[in-house]
Amino acid sequence: MSRGIIAASTYKARLPVPALAPFYYLKNFERVLSTIASRYEDLLLAHELRFITAFQQAPLNSRALLARMVMRQGDLFRASKIEYSEIGETRAAADPLIEAGWVSDRPLLDIKQLQGLLTKAELVRCLKLPRRYADWRKADLQAMLAATFTERRDFRDWCADPGDLVYALLVTPVCERFRLLFFGNDWQSWTDFVTADLKIFNFEKIAQHAHSRPFQTRAQIDQFQRLRECRELLLDGTPYSELVRMVPEAIGDSDWLEEERQKLIFGIAREHERAGDTQAALAMYLRCTHRGARTRAIVLKSRARDWEGTRALCLKARANPASEEELQRVRRILPRVCLKLGLPATSEDPAPVIPEFELVLDGRPRARAVEYLVRDHLALELVDGDTVRYVENGLVNALFGLLCWPAVFAPVAGAFFHDFHRAPADLASGHFYNRRKNDFEVCFSHLETDHYRKVIWTVFKKKWGIQSPFVRWHSLDRALLQWALDCFPAAHLRAWFEWIVRDVRENRAGFPDLVQFWPAERRYRLIEVKGPGDRIQDNQKRLLEYCLAHRMPVSVCYVRWSQDRPESRSADGKQSRRIPAEN
DNA sequence: AGGGGGTCTG
DNA sequence: TTCACACAATCTG
DNA sequence: GATTGTGTGTCTCAGACCCCCTGA
Ligand SMILES: [Mn+2]
Ligand SMILES: [Mn+2]
C-alpha cells in the first residue's frame, strides 16, 4: 500500500466544525471575573480577591491557559490537546499562576488518572506493555494496572513521550464558587458560553440593568453550599440523625433559598417514610412548607388510622388547597375517613363523565407507540391527514408561551442573573404568576379581540428558535399554528392559559395526546389515547375535568388489539356512554 | 468490518 | 430541572 | 380501585471518538 492510499483512507473529511475565536476562553473568563468582581464587591473573601488580582496581572499565555482549563470539563489536560489559538504559542519560563499554585504543569498522577488521559492503545504504548494487552477490555486492564502500579508519577515519568505534558487545575474550589455566584445554580456550566456563541442555543436577551445577583449575603452563599452537601449526603444514604443536624437553619432573607431548604427537608422526610420511620416523616412533613408536604402528612395520618387527625388536615387542605393535586387527593380520601368516623360524607359534585370511545386496531402491539397508530387510523378517512397531530403538551404550551412571551421574560427582580436563561429563575416557585400579574393581564387581554392571533404570529416569527420554557420550536410548524388559531376559540385558549398560570409547575403537563382539526368548520377535538393497561393519570384527569367544565371537546380513546378478547369494560353500563369515533 | 452505547466536543 | 407509559407489588374494602 | 415504586422510551445539538461486541 502506498503512502497516498493510507493517507486517503485514514483521512476523515471534517464537516464544518465550528471554530472558536482565538483566546475565546480567556475573553469569556475575563468577562466572568469582572462581572463577579463588580457584582459581589462587598461579599468576596480575601483569597478570592487575591485570585482575581493575581489572574489579571498574569501574562497573556498564563491567563489563557488557566481560563481554558476552568471553562472546560475536568481538571487534568494534556498540553497536546490544547490548540495554540486557544492559549497562544509561547509559554513564559516562569508562569506566575503556576508559581502561585493555581495550576501545575507537573502534577503527580496515579494510574487511574493517567488512564483517563490516554486511550487504551496509548496506554499500552506509553507503559511499554506487551502488545496483547491492547486486546484486553479496558476495565480488566484497569484492574490489572491498578494492582501493578500503585505509585503516583509525573506524566513525563509515566510516558516516554517527550512532546507532551499534563496540566492540572488546582483552583477548582474557587472556580466552582464563582460558577455558583455567576449562574445562581449548580447545574449550569461554562459550556453554556460555547453553546450560546455557536448558536446551538439562543437565549432571550435580558437588559443588563434587569439582571440581579442571586446571593445577597455571604451567609446565603454558605447556605447554598450546605444545602448541596446535604443533598449529596441524602443520596449517599447518610444516617438521618446526622443529616438532620446538617440542615441549615431557616433562611429568612432569601425566598428561593428557603424554598430549596424546604425541598431538602421534604426529601429527607420522604426517605424517612421509605425507611419505615413514619413518626419522624410525619413530624417533618407537618413542619415543611414544600408543595405536597401536607398531602404526604394526610396520607401518613390516614395510614396510621388517625381518622380525626386525617379529617382535620383534609378540611384544612380543602379550605386552602396548595395545589390541584392536593384537592384531588383530599376528595378521594375524605369520604373514606368520614365513613370511618361515622360522619355523613360531605356532598360533592359528582365527577363529570369523560367521553370515551373504543378503537380496535390490527397489528402487533408495541410495534410503535400506540398514539401514532391511532393518529394514522383517524387520518385515514380524512382529506388532509395532517390535521390529526400527536402534540401532547406541546401545542397549548407553545400558544401560551408565544402569547405570554413578554410576561415570561418580564424583567422582574431576582428572575435573571446572566445571559443564559431558558426561563426566569422563579418559574416553578409559586410566586411566578403573582409577581407578573399585570404582565399576564396585558397578554390575556389580547384574547378579548382578534388581536391575539396577530400577536402570536408576530412572536412566532420574531422569536423563532429562542429558548423558552413553554415553546419547543421543533414540534411547531406554520400549518399547526394556523389551524390552532383558526380552530381553538379564544375562550378556550384563555381557560387553558389561566389553568397553566394557576400552577405552572403542575398544570403545564397532562394535555391529551392528539389534537384533530376541522379547519373548514373551525372545529377541533382533543383525544387522550389509552392502550390496554394504561389508565388516565391523575394530572390528565384533572385537566380533562377542567376542560369538560369549560365545555371543551375532549375525549379518551381506548385501544384494543383485534386479536385480543373484548374487555369487560365494554360489557357493562359504560358502553352507553361511548361516543362514536367519528365526530 | 460494522453497529451500538456512552462521552466529549465546539 | 422532562414526561408519559408499562408493569409489578401491595393494601383495602 | 388506590397507591407506590420500578424501568423504559422519548427528548435532548450533531458529530467525532472511544470502547466493546458480533460475526464473517
Ligand atoms: Mn401521552
Ligand atoms: Mn395516552
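Letters A, B, ... are given to chains in the order of the sequence lines, protein chains preceding strands, and every chain is numbered from 1. Computed from heavy atoms alone, side chains included, the values below leave out hydrogens, waters and symmetry copies.
Looking at heavy-atom distances under 4.0 Å, A:Ala139 makes contact with sugar-phosphate atoms alone, never a base. Nucleic acid contact class of A:Arg296 (heavy atoms, under 4.0 Å, all strands): sugar-phosphate only.
Taking 4.0 Å as the cut-off between side-chain N and carboxylate O, A:Asp140 and A:Arg137 count as a salt-bridged pair.
Base pairing in DNA chain C yields stems of at least 3 consecutive Watson-Crick or G-U pairs, both distances under 3.5 Å, namely C:3-11 with D:1-9.
Rounded to a whole angstrom, the distance from the P atom of D:dT6 to that of D:dT10 is 22 Å. B:dT9 and D:dT4 have their P atoms separated by 43 Å, given to the nearest Å.
Looking at A:Gln188, its side chain does come within 3.5 Å of a backbone N or O of A:Phe420 through a donor-acceptor pair. A donor-acceptor distance shorter than 3.5 angstrom exists from the side chain of A:Arg508 to the backbone of A:Pro469, with no hydrogens or angles considered.
Ring geometry for A:Phe183 against A:His418 counts as perpendicular: the plane angle is over 60°, on a 0 to 90° scale with 30° as the lower cut. Relative ring orientation between A:Trp473 and A:Trp405 is described as tilted, the plane-to-plane angle lying within the 30° to 60° band.
In this entry the distance linking CZ of A:Arg331 with P of D:dG1 reads 20 Å, nearest Å. For the pair A:Leu76 CG and B:dC8 P, the computed distance is 13 Å after rounding to whole Å.
For A:Lys120 and D:dC20, the shortest distance from a side-chain N or O to OP1 or OP2 is below 4.0 Å. Applying the 4.0 Å criterion to OP1 and OP2 of C:dC3, one finds that A:Gln540 has every side-chain N and O outside that range.
Contact annotation: the side chain of A:Arg311 approaches that of A:Leu341 to within less than 4.5 Å [non-hydrogen atoms, C-beta and beyond].
When both pairing distances are held under 3.5 Å, D:dA24 makes no Watson-Crick or G-U pair with any nucleotide shown.
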What are the atom names and distances for every N/O pair under 3.5 Å that joins the protein to nucleotides 21-24 of chain D?
unit_1	atom_1	unit_2	atom_2	d
D:dC21	OP1	A:Arg137	NH1	3.2

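Side-chain atoms of A:Asp513 lie closest to C:dA4 of the nucleotides C:dT12, C:dA4, D:dT3.
For the ring-ring contact (aromatic ring centres under 6.0 Å, His included) with A:His421, the lone residue among A:Phe409, A:Phe203, A:Phe416 that qualifies is A:Phe416. No option in A:Tyr25, A:Phe29, A:Phe201, A:Phe182 other than A:Phe182 meets the ring-ring contact (aromatic ring centres under 6.0 Å, His included) test with A:Phe193.
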